[in-house]
Visitor: 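This is the structure I want to talk about, given as structure tokens.
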Amino acid sequence: VVIGHSLGGFIGQRLYHLAPERVVGLVMIGTVPLAKAYPPWVVWGMRAVTQVFRVIPYAWIISNSVRGIAVGAGVGAYFADVMRKITPNDYLTIWRSFANAITVEDRPADWKLEVPLLLLLGEREALGPPRWEMPRWTATDSHAEFHRVPGAGHNAHQDNPATVNQFIRDFLTAHGI
């Protein structure tokens with residue numbers, strides 16, 4: 001079972017597509033489906049933000065990211081500490097990975113996820129794409145099960161680990177994994 005949060009969700013989906021025989025289930029936290037076509041304005045917006053980030057002071061990006069990512073003060077402090085360990089250029093590389101992963105074109109049919117899929121979203125998710133897309137994911141994927149994590153933001157697994165862990169345990173048990 002692959003558990004992926006945010007960009008890690010993209011990596012988990014790609015791992016499934018590259019080696020489906022190695023993945024028996026996916027748990028996606030605060031991410032978006034890669035198999036769908038996105039409106040051009042979403043793709044353009046993600047790529048434009050990368051350019052905007054080049055001219056914004058990195059300290060501002062960190063402080064504003066903390067407000068949008070974490071609900072709990074401890075989670076926010078941890079996130080800020082991690083961000084300070086990443087260089088601004090590395091941060092831009094990571095953001096470009098997000099922007100380049102989504103497309104306006106539908107992916108081939110073999111991009112569909114054919115394993116049990118647990119989708120978790122913090123009820124106070126601040127990032128637009130996960131907030132918009134995760135609740136809709138179940139409509140296009142019959143293997144998907146969606147839950148909101150109470151009292152949590154984008155880093156739901158850190159804001160409310162007990163609930164996230166219970167959702168995962170229940171999911172694994174229900175699927176005999």
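All values derive from a computational prediction rather than experimental measurement.
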Visitor: To check you understand the geometry: which heavy-atom pair defines the closest contact between V66 and A80, and what is its length?
Guide: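 What the structure gives for the nearest pair is CG2-CB, 3.7 Å.
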Visitor: What orientation do H5 and H154 show, parallel under 30°, tilted 30 to 60°, or perpendicular over 60°?
Guide: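 H5 and H154: tilted rings.
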Visitor: Quick check: do P39 and W44 have side-chain heavy atoms less than 4.5 Å from each other?
Guide: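 A side-chain contact is absent here, since even the closest heavy-atom pair is not under 4.5 Å.
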Visitor: Going by side-chain contact (heavy atoms from CB on, under 4.5 Å), name the residues that satisfy it together with T138, two or more places apart in sequence or in a different chain.
Guide: L119, A144, F146
Visitor: Mind jotting down which residue pairs meet the salt bridge (charged side-chain N to carboxylate O under 4.0 Å, His left out) criterion with at least one end in residues 159-175? Sequence neighbours excluded, please.
Guide: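 Not a single pair qualifies under salt bridge (charged side-chain N to carboxylate O under 4.0 Å, His left out).
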Visitor: Do the side chain of E125 and the main chain of R131 share a donor and acceptor less than 3.5 angstrom apart?
Guide: no
Visitor: Answer whether the closest heavy-atom distance between the side chains of P33 and Y38 falls below 4.5 Å.
Guide: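 Yes - at least one pair of side-chain heavy atoms lies under 4.5 Å apart.
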Visitor: What's the shortest heavy-atom distance between M46 and I102, and which atoms?
Guide: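 Result for this residue pair: CG-CD1, 3.7 Å.
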Visitor: If Ile, Leu, Val, Met, Phe, Trp and Tyr residues are connected whenever their side-chain heavy atoms lie under 4.5 Å apart, and connections chain through other members, are I94 and V82 in the same group?
Guide: yes
Visitor: Rounded to the nearest 0.5 Å, what separates atom NE2 in H147 from atom CD in E145?
Guide: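 H147 NE2 to E145 CD: 3.5 Å, rounded to 0.5 Å.
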Visitor: Kindly compute the distance separating NZ (K85) from CG (D90), expressed to the nearest 0.5 Å.
Guide: 14.5 Å
Visitor: Counting neighbours of OH on Y78 that are heavy atoms of other residues, nucleotides or ligands and sit closer than 6.0 Å, is the number greater than 12?
Guide: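 At most 12 heavy atoms, drawn from other residues, nucleotides or ligands, come within 6.0 Å of this atom.
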Visitor: Could you check whether any side-chain N or O of Q166 sits under 3.5 Å from a backbone N or O of A162, counting only pairs where one atom can act as donor and the other as acceptor?
Guide: no
Visitor: Is F167 reachable from V27 through a run of hydrophobic residues whose side-chain heavy atoms are each under 4.5 Å from the next?
Guide: yes
Visitor: Measure the shortest side-chain to side-chain distance between S97 and L7 over non-hydrogen atoms and say whether it is less than 4.5 angstrom.
Guide: yes
Visitor: Between I3 and L172, is there a shared hydrophobic cluster once you connect ILVMFWY residues whose side-chain heavy atoms come closer than 4.5 Å?
Guide: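 Yes: a chain of side-chain contacts under 4.5 Å links I3 to L172.
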Visitor: Let me confirm one number: the CD1-CG distance from I62 to D81, rounded to the nearest 0.5 Å.
Guide: 9.5 Å
Visitor: Under a 4.5 Å cut-off applied to non-hydrogen side-chain atoms, are L26 and L118 in contact?
Guide: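 Result no, sub-4.5 Å side-chain heavy-atom pair not found.
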Visitor: Look at atom CZ of R124 and say whether more than 12 heavy atoms of other residues, nucleotides or ligands are closer to it than 6.0 Å.
Guide: no
Visitor: Got a second to check how far L113's CG is from T140's OG1, nearest 0.5 Å?
Guide: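 L113 atom CG to T140 atom OG1 measures 9.0 Å (nearest 0.5 Å).
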Visitor: Going hydrophobic residue to hydrophobic residue with side-chain gaps under 4.5 angstrom, can you get from L92 over to I56?
Guide: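 Shared cluster, yes.
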Visitor: Do you know the tightest heavy-atom contact between S65 and M83?
Guide: OG-CE, 4.3 Å
Visitor: Would you call the rings of W95 and F53 parallel, tilted or perpendicular if under 30° counts as parallel and over 60° as perpendicular?
Guide: perpendicular
Visitor: Any donor and acceptor pair, going by atom type alone, linking the side chain of N64 with main-chain N or O of W60 inside 3.5 Å?
Guide: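 It does hold such a pair.
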Visitor: Do Y16 side-chain atoms and V24 backbone N/O form a donor-acceptor pair below 3.5 Å?
Guide: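 Not a single qualifying donor-acceptor pair exists.
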Visitor: Is there a side-chain contact between T163 and P150, using heavy atoms and a 4.5 Å cut-off?
Guide: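 They are in side-chain contact.
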Visitor: Below 4.5 Å, heavy atoms only, C-beta onward: do R96 and R47 meet side chain to side chain?
Guide: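 Not touching, per the 4.5 Å side-chain cut-off.
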Visitor: Atom CD1 of I29 and atom CG of N155: how far apart are they, to the nearest 0.5 Å?
Guide: 9.5 Å
Visitor: Do Y58 and N89 have side chains that get closer than 4.5 Å, going by heavy atoms?
Guide: no
Visitor: Looking only at heavy atoms, what is the nearest atom pair of A156 and V164, with distance?
Guide: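 Nearest heavy atoms, A156 then V164: O-CG2, 3.5 Å.
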Visitor: Would you check if M28 and L117 make a side-chain contact, meaning some heavy-atom pair closer than 4.5 Å?
Guide: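 With C-beta onward as the side chain, the pair touches.
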Visitor: Say you draw a straight line from CG of N160 to CG of L120; how long is it, rounded to the nearest 0.5 Å?
Guide: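 If I round to the nearest 0.5 Å, the distance is 10.5 Å.
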Visitor: Tell me whether F79 shares a hydrophobic cluster with Y91, the cluster being built from Ile, Leu, Val, Met, Phe, Trp, Tyr side chains joined at under 4.5 Å.
Guide: yes
Visitor: Might you point out which heavy atoms bring A101 and L34 nearest each other, and give the distance in Å?
Guide: O-CD2, 3.7 Å
Visitor: By the salt bridge (charged side-chain N to carboxylate O under 4.0 Å, His left out) test, which pairs, at least two apart or in different chains, include something from residues 10-39?
Guide: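 Those involving residues 10-39 are K36-E133.
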Visitor: Which atom names give the shortest non-hydrogen contact between F10 and V32, and what distance separates them?
Guide: CE1-CG2, 3.5 Å
